[in-house]
Protein chains: 2
Amino acid sequence: MTLSRSVLREQIKEVIIQRILDGTYAPGDRVVELALVQELGVSQAPVREALRDLEAMRFIESEPYRGARVRQVTHKELTETYPVRAALEELAGHMAAPGVDNNVLRMLESEIQNMLEAARRKDQHGLLVHDARFHELIVEQAGNSVLLDSWSGLRIEAYTLVSVVKSNLDLVAIANTHLPILDALRQRDGDLAGKVMRAHIEHFGNTLFGGDPDA
Amino acid sequence: MTLSRSVLREQIKEVIIQRILDGTYAPGDRVVELALVQELGVSQAPVREALRDLEAMRFIESEPYRGARVRQVTHKELTETYPVRAALEELAGHMAAPGVDNNVLRMLESEIQNMLEAARRKDQHGLLVHDARFHELIVEQAGNSVLLDSWSGLRIEAYTLVSVVKSNLDLVAIANTHLPILDALRQRDGDLAGKVMRAHIEHFGNTLFGGDPDA
DNA sequence: GGCCAACTGATTATCGATAATCGAGTATGC
DNA sequence: GCATACTCGATTATCGATAATCAGTTGGCC
């Protein structure tokens, strides 16, 4: 494997994120600096800096002289995420609805279509990607960059949700739960959009309860 | 200046944060790696890693080959923070109230007292510190670490508020606006506490409008 | 046999030096 | 006179090597 573009640190970061998301590095796995150094043919400094960044992004955690490992998302942390997401997305819906761009409405519609297709293929990961993008679009549309940053900070854990829920949910039904949100936005009704989004998130939060102790 | 304890990176980070908070490094100032290297008698690597961390913490921002500078908090960003704080603290109040610890109630009361004393001394910074601690206590009491993290992510900007509002507000009145929150918590009424906290934050958000373009 | 200390291999943390890049000022050609 | 190319000083990005630390293991001692 070779890297070319400048600012190695960024490229190294992308490689590691890629591997965490596609499962090459499983949660709990160690990420050894010198191993990456050898494999990528770079020196240790940019690898270390990439790891610092990833730690801040909560992809990994590390202790002095003990190295880094892929972050283990606990069940507790995952369920704790939902109330916060609910609060932030209620705000996002509330702010986004009044001035929502027709273009964005079309994009949201298309994301729902993509979710449905993924659902029919039983493609859980595909569903998750479009689901995440759907919500991200709304948060962006709210036009508040602090809100977007806060929300993005949660995404990581939410993303790993794949591994937790790993089955037994009706994917098509999940895709369809996004329709009321789109409707509320179409009406440009901020209060309604906020409420619907909150309910949407809380619904999934609740669906997760009763799972296994942690993981 | 000399450093002793291990993990230089952490110590360097503290030095820089210290200087940003006490004004030695003003917003917009460059933070030059080699200057710190010389001054602290360390090598460049730990300095760079510290800067990566600080960038993630939003204390500074940097561009490749262009260096790092102390983050300039714009008026826009500051006002954008308030709706997010309002949403998060409403949630915090809602979650904290039902099971609030008597001990915590006493601590909150004492923070209000401290705010009043600071207000009477016209000590704006002192007021801010106890104000922040008051809110932090409640967010902690909510018992949701994801919420606490999200909220902490906003703190930095909020802190810099001192320099923006820099005067013309009745400090004693500010201190007293915390009393209704304490009351709601004493009643263990989650809905009420949430509402009161939201109103409290929004009130300050609104007070900031009409300020200068940016800063 | 059990326990503590010194050793060992693996890994991270730091160093000092070199390469790459930027911005400004200067020279050059028209 | 003006735009473009070039050079230089300052600074960041990367490198290769060394020092510090940790976890497991071995050896001696009771």
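Proteins get letters first, then strands, A, B, ... in listed order; numbering begins at 1 in each.
- With hydrogens and angles left out, the side-chain atoms of A:Ser145 and B:Glu80 include a donor and acceptor closer than 3.5 Å.
- Under a 4.0 Å N-O distance rule, the pair A:Glu89/A:Arg198 does not qualify as a salt bridge.
- Of all the heavy atoms in B:Thr177 and B:His200, the pair that sits closest is OG1-CE1, 3.3 Å.
- Whole-Å rounding puts the B:Arg69 CZ to D:dT11 P distance at 12 Å.
- Rounded to a whole Å, the CG atom of B:Leu40 is 13 Å from the P atom of C:dT14.
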Could you go through nucleotides 9-13 of chain C and list every protein N or O atom that sits under 3.5 Å from one of its N or O atoms, giving the distance for each pair?
residue	atom	partner	partner atom	Å
C:dT11	O3'	A:Arg30	NH2	3.1
C:dT12	OP2	A:Glu33	N	3.1
C:dT12	O3'	A:Tyr65	N	3.2
C:dA13	OP1	A:Tyr65	N	3.0
C:dA13	OP2	A:Arg48	NH1	2.4
C:dA13	OP2	A:Arg48	NH2	3.2
C:dA13	N7	A:Gln44	NE2	3.3
C:dA13	N6	A:Gln44	OE1	3.1

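- Using a 4.5 Å heavy-atom cutoff, the side chains of B:Val139 and B:Leu88 are not in contact.
- Here B:Ser43 does not reach the OP1 or OP2 of C:dT14: none of its side-chain N or O atoms lies under 4.0 Å away.
- Using a cutoff of 4.0 Å between basic side-chain nitrogens and carboxylate oxygens, A:Glu136 and A:Arg133 are scored as salt-bridged.
- Remark: P of D:dT11 and CD of B:Gln38 are 11 Å apart, rounded to the nearest angstrom.
- For the pair A:Ile201 and A:His135, the minimum side-chain heavy-atom distance is below 4.5 Å.
- Using a 4.0 Å cut-off between charged nitrogen and carboxylate oxygen, B:Arg69 and B:Glu61 do not count as a salt-bridge pair.
- Remark: A:Glu117 does not engage A:Lys122 in a salt bridge, criterion side-chain N to carboxylate O under 4.0 Å.
- In this structure, the helix from C:dG1-D:dC30 to C:dC30-D:dG1 shows an angle of 10° between the axis at its start and the axis at its end, each fitted on 5 base pairs and rounded to 10°.
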